[in-house]
Structures are given as structure tokens and as C-alpha cells.
Amino acid sequence: MFAVFKTGGKQYRVAAEDVLKVAKLKGEPGEIVEFGEVLVVGGDAVTLGAPTVSGATVAAEVLDQARGPKIIAFKKRRRKNSRRKRGFREEFTLIRITEILTDGKQASKTAPPRPKRVAAPAPTAEASAADSEAADSEGATAAAKKPKNRAKKPAAKEKSKK
């Protein structure tokens, strides 16, 4: 299921568990914020709003409040000794979409628990031996395909001074 919602003068197409940057919102990390201006809700059947879908909301968890990279606006007019330099860093909120709700349902006030990441199993001795044999055979074929050394070109003749 996906939704298109509007915030901060921009529109975002999102699905559950998406992480995105939006213009600064009120809220501390860990809080749930809701977006009510949902323009499209899709999935099996697409619902278009006119202009918004009634009863639809998008719930998101605030991950971080941060500032973007510094943008420098420098203006110079030649021969007039006129310069202007301004710096700016846009503030943004990093959010993770938790739910896309329809039919006037309310969002849960707590973020769902994140699944734990499982570490990849350690390679066994048999698997590593098979990988090294494969690498050796590939190296042999690569060396066989390498072009042989060609004869060096004769050095350029030096011009004599007259």
C-alpha cells in the first residue's frame, strides 16, 4: 500500500517503513506525527482525492531533527567593489513512515518495535576452500587472456642542430 501526502509545500510518495527528509516539523525523536493532507491512497484499488482523501492519514515516527549542508550565496559585481556573502543551512526532520490509515482510523501513539537484524552466518572451512579454488581458476584464465609483451617501438630520432 502506498500514499501521496503533502507537507512543507512538497508532495511525497511513501509506503510503510520508508525513511525520508521533510521540512522541519514539531516533535521530538521517538514521537508519532500524523499527516492529514493525503492526496492519493493506492494498493489493490487507487483512491484519488478531490483535493484530499477524506479519512486518510499517514503516521510517521520522528527519527531526528537536523540541519542540512551549508549553502553559500555569493554575489559579486565586477568593478564596483560590491560583494554579498550569505550562508544558510536548512533544518529538516528525518521521519520513518509507520502506518497508512484509511476510513478515519487513529494512529497508534507509540512506534512499533523494529525487527532485530540477524548477523549473517560465518562461512565454514569447506565453503572458503571452494571459494579460493574458484578464485585460483579464474586467475589462471585471466592470465592466459592477457596479451603478450610486444616489441618496443624504436626511439624517436633526435634532430641535429645545424
Between [atom1] of [X] and [atom2] of [Y], what distance do you get to the nearest 0.5 Å?
X: E37; Y: K6; atom1: CD; atom2: NZ; answer: 5.5 Å
X: E17; Y: T98; atom1: CD; atom2: OG1; answer: 8.0 Å
X: Q106; Y: E34; atom1: CD; atom2: CD; answer: 6.0 Å
X: R96; Y: L63; atom1: CZ; atom2: CG; answer: 4.5 Å
X: R78; Y: R83; atom1: CZ; atom2: CZ; answer: 14.5 Å

R89 side chain vs G68 backbone, donor-acceptor pair below 3.5 Å:
yes
Same cluster or not: are F88 and F92 linked, directly or through other Ile, Leu, Val, Met, Phe, Trp or Tyr residues, by side-chain heavy atoms under 4.5 angstrom apart?
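Result: no, two separate clusters.
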Within one Ile-Leu-Val-Met-Phe-Trp-Tyr cluster: F2 and L39, side-chain cutoff 4.5 Å:
yes
Is the closest side-chain heavy-atom distance between V40 and V46 below 4.5 Å?
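In short, these two side chains touch, coming nearer than 4.5 Å.
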Is the number of heavy atoms from other residues, nucleotides or ligands within 6.0 Å of NZ (K21) greater than 12?
no
Could you tell me whether E90 atom CD has more than 12 heavy atoms of other residues or ligands within 6.0 Å of it?
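No, not enclosed.
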Can you name the closest pair of heavy atoms from G8 and A23 and give their distance?
CA-CB, 4.3 Å
Heavy-atom closest contact (D18 atom, R13 atom, distance):
OD2-O, 4.4 Å
Salt bridge (Lys or Arg N to Asp or Glu O under 4.0 Å) partners of E99, counting only residues at least two apart:
none
Report the hydrophobic cluster partners of V33, with the cluster defined as I, L, V, M, F, W, Y residues connected by side-chain heavy atoms closer than 4.5 angstrom, directly or transitively.
M1, F5, Y12, V14, L20, V22, L25, F35, V38, V41, V53, V58, V62, I95, I97, I100
